[in-house]
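Here is the structure we will look at, set down as structure tokens.
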Amino acid sequence: MALTAFLEISHLRKVYGENVAVNDFNIKVERGEFICFIGTSGSGKTTTMRMINRMNEPTSGTIKINGEDVTKMDPVKLRRRIGYVIQNIGLLPHLTIKDNILLVPKMLKWDQKRMDERAVEMIKMAELPEDYLERYPSELSGGQQQRVGVVRALAADQELILMDEPFGALDPITRDALQDLVKDLQQRLGKTFVFVTHDMDEALKLATRIVIMSHGEEVQVDTPEEILRHPANKFVADLIGEDRLIQAKPTITTVGQIQRPAISIVQTATPREALSLMHKTRVDTLLITDPDGILRGYVDLEVINDKFRTADTVEAIMNPKVFYVRQSAVISDTVDRILKRGYRNVPVVDDAGKLTGIVTRAALVDMVYDALGGAATSNNNDTDKDMSTDGPRTDIGTTDVKEGAQAVADVADDADTKDKPAKPAEKEEVHAHND
Ligand code: ADP
Ligand code: MG
């Protein structure tokens with residue numbers, strides 16, 4: 001990242017009487033970025049954008065372009081550097097296409113030769129024949145006029161282009177085509193864009209980074225991918241919408257995101273209570289925690305049935321060696337090793353060791369197929385094991401401290417794969433039970 005951001009907005013605020021339009025807006029934009037503002041109506045998108053080229057003056061805060069405070073710049077000089085396209089503005093009907101394209105260069109007093117060349121260059125970018133320059137807008141189809149409208153925004157060669165819902169009123173097909181054109185031109189010409197939209201699909205398609213706005217502040221500023229993967233809060237998630245979040249699911253990365261609720265019982269419970277819970281929930285293995293919810297072990301139905309009368313608590317009969325995975329573990333790093341071992345279910349714990357849920361083998365297999373495009377990573381035999389252990393790691397491990405040394409030896413082959421992405425597994429023999 002450069003020392004000075006191309007565009008840097010700090011603590012920007014705009015108040016109209018009692019009404020706070022922009023509260024405390026902050027962003028740093030690098031040259032060549034395509035920034036999309038999205039948010040509910042009245043969240044301050046237009047006001048923020050208009051302060052960038054001083055169509056609105058800030059109440060407080062600063063806006064810098066290449067380190068230069070815009071409020072201290074000559075407005076004419078400023079607008080030479082910043083292009084602005086307002087909502088759904090069409091071509092001027094009484095001007096030719098050429099004069100429409102050259103509207104701003106003329107205002108900026110370019111010389112005629114440069115303007116003639118620019119007009120030709122722009123009509124080519126709109127993928128229209130050169131002789132269309134002499135036509136009037138009414139002689140072009142609606143879609144062709146829209147294309148001219150887009151290239152016109154770039155005609156004056158300004159380094160920053162502001163667009164406020166330029167495609168808001170268009171039908172989806174026209175809009176889609178113009179989005180492609182804008183994105184293509186932006187990349188080819190290396191321009192920096194700040195683009196307001198209320199359409200999440202548009203933002204996801206165009207933006208290098210999306211700025212989610214609410215009540216005059218930026219709620220989240222991130223790449224489309226990160227916004228989909230990790231919406232900062234419920235407001236963002238709602239704005240994205242459930243359908244898009246589901247579509248984004250193959251990019252899920254942590255175990256915590258695919259866990260389900262675990263059936264567990266506290267270690268002081270009686271075997272009878274455990275049995276009753278197992279019947280009620282129809283499970284044959286029960287996870288056991290201490291009173292703080294820390295995972296301590298597990299117990300199988302057969303064991304309970306066996307030792308039912310001889311023990312006072314489940315703690316006395318549980319197997320303290322339970323294989324677990326941390327909820328923060330990256331799936332691509334851990335899935336392979338989990339699947340290899342053939343567990344049906346694996347308990348998930350947080351960093352403190354608290355049980356937070358389980359991941360099922362079925363969910364993991366689905367994940368692998370989604371994420372790796374169907375490449376199997378596991379020996380998909382049906383050697384379902386229960387939740388015994390192989391050993392401690394940073395992200396997968398065992399609850400049993402005493403057995404640690406032996407367990408480390410057992411997983412030594414895994415240790416050097418720690419930081420590598422999951423690889424298709426060779427057929428590997430499942431470690432033997434040792435209880
Ligand atoms: P958006 O573009 O996100 O829909 P705006 O920036 O247009 O939001 O508006 C933000 C808030 O500021 C709204 O509450 C709006 O009513 C108010 N506002 C905008 N312009 C003016 C103005 N010229 N005078 C008074 N209030 C305004
Ligand atoms: Mg607006």
Side-chain angles (χ1 to χ4, degrees), residues 7-29 33-65 70-71 75 78-79 82-90 146 149-150 152-153 158 160-172 174-175 178-179 182 186 192-222 224 227 231-241 244:
L7 170 67
E8 180 166 2
I9 303 180
S10 312
H11 303 298
L12 189 66
R13 186 173 167 86
K14 178 69 178 180
V15 178
Y16 292 106
E18 301 270 276
N19 190 1
V20 180
V22 177
N23 185 22
D24 181 7
F25 183 87
N26 299 275
I27 194 177
K28 281 184 186 176
V29 177
E33 281 202 84
F34 199 121
I35 301 292
C36 282
F37 287 1
I38 190 164
T40 44
S41 174
S43 57
K45 304 181 295 292
T46 295
T47 307
T48 300
M49 175 176 270
R50 288 172 63 94
M51 286 190 280
I52 297 174
N53 70 349
R54 291 185 61 188
M55 282 186 291
N56 289 353
E57 294 294 338
T59 303
S60 59
T62 56
I63 301 174
K64 288 179 179 174
I65 293 181
V70 299
T71 60
L78 182 66
R79 282 175 207 149
I82 304 177
Y84 182 75
V85 180
I86 35 171
Q87 216 156 344
N88 311 315
I89 195 123
Q146 295 291 350
V150 169
R152 179 179 62 179
Q158 289 129 319
L160 175 62
I161 314 287
L162 310 177
M163 290 192 172
D164 194 349
E165 305 200 19
F167 309 142
L170 300 177
D171 67 273
T174 308
R175 182 190 287 218
L178 292 178
Q179 287 164 352
V182 160
Q186 184 259 343
T192 311
F193 269 63
V194 176
F195 186 108
V196 172
T197 180
H198 60 257
D199 176 354
M200 183 55 83
D201 288 321
E202 186 164 84
L204 291 169
K205 177 173 171 180
L206 293 178
T208 53
R209 283 192 300 156
I210 295 174
V211 177
I212 311 263
M213 293 203 49
S214 174
H215 302 291
E217 292 180 8
E218 77 288 1
V219 179
Q220 186 170 8
V221 181
D222 241 323
I227 296 250
N233 55 31
K234 187 165 182 310
F235 175 78
V236 179
D238 287 347
L239 207 62
I240 297 167
R244 292 192 195 85

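Along the sequence shown, residues carry numbers from 1. Start at 1 and go down the list; that is how both ligands and their atoms are numbered. Every value quoted in this text rests on a predicted model; they were computed, and no experiment measured them. Atoms considered below: every heavy atom in the structure, side chains included; atoms not considered: hydrogens, waters and symmetry mates.
Side-chain atoms of Asn56 and Thr47 include no donor-acceptor pair closer than 3.5 Å.
Checking Thr47 against the Mg ion (ligand 2), every N/O/S atom stays at or beyond the 2.8 Å cut-off.
Listed for the Lys14 side chain is a donor-acceptor partner under 3.5 Å among the backbone atoms of Glu57. Between the Lys28 side chain and the Ser10 main chain, no donor and acceptor come within less than 3.5 Å of each other.
When the salt bridge (Lys or Arg N to Asp or Glu O under 4.0 Å) test is applied to Lys205, the partners found at least two apart in sequence or on another chain are Asp176, Asp180. For Glu18, there are no salt bridge (Lys or Arg N to Asp or Glu O under 4.0 Å) partners at least two apart in sequence or on another chain.
Protein residues are said to neighbour a ligand when one of their heavy atoms lies under 4.0 Å from it; for ligand 1 these are Tyr16, Asn19, Ala21, Thr40, Ser41, Gly42, Ser43, Gly44, Lys45, Thr46, Thr47.
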Please table the atom pairs, donor to acceptor, closer than 3.5 Å between any side-chain atom in residues 210-218 and protein atoms at least two apart or in another chain.
{"from": "Glu217", "atom 1": "OE2", "to": "Asn23", "atom 2": "ND2", "distance (Å)": "2.4"}
{"from": "Glu218", "atom 1": "OE1", "to": "Asn26", "atom 2": "N", "distance (Å)": "3.1"}

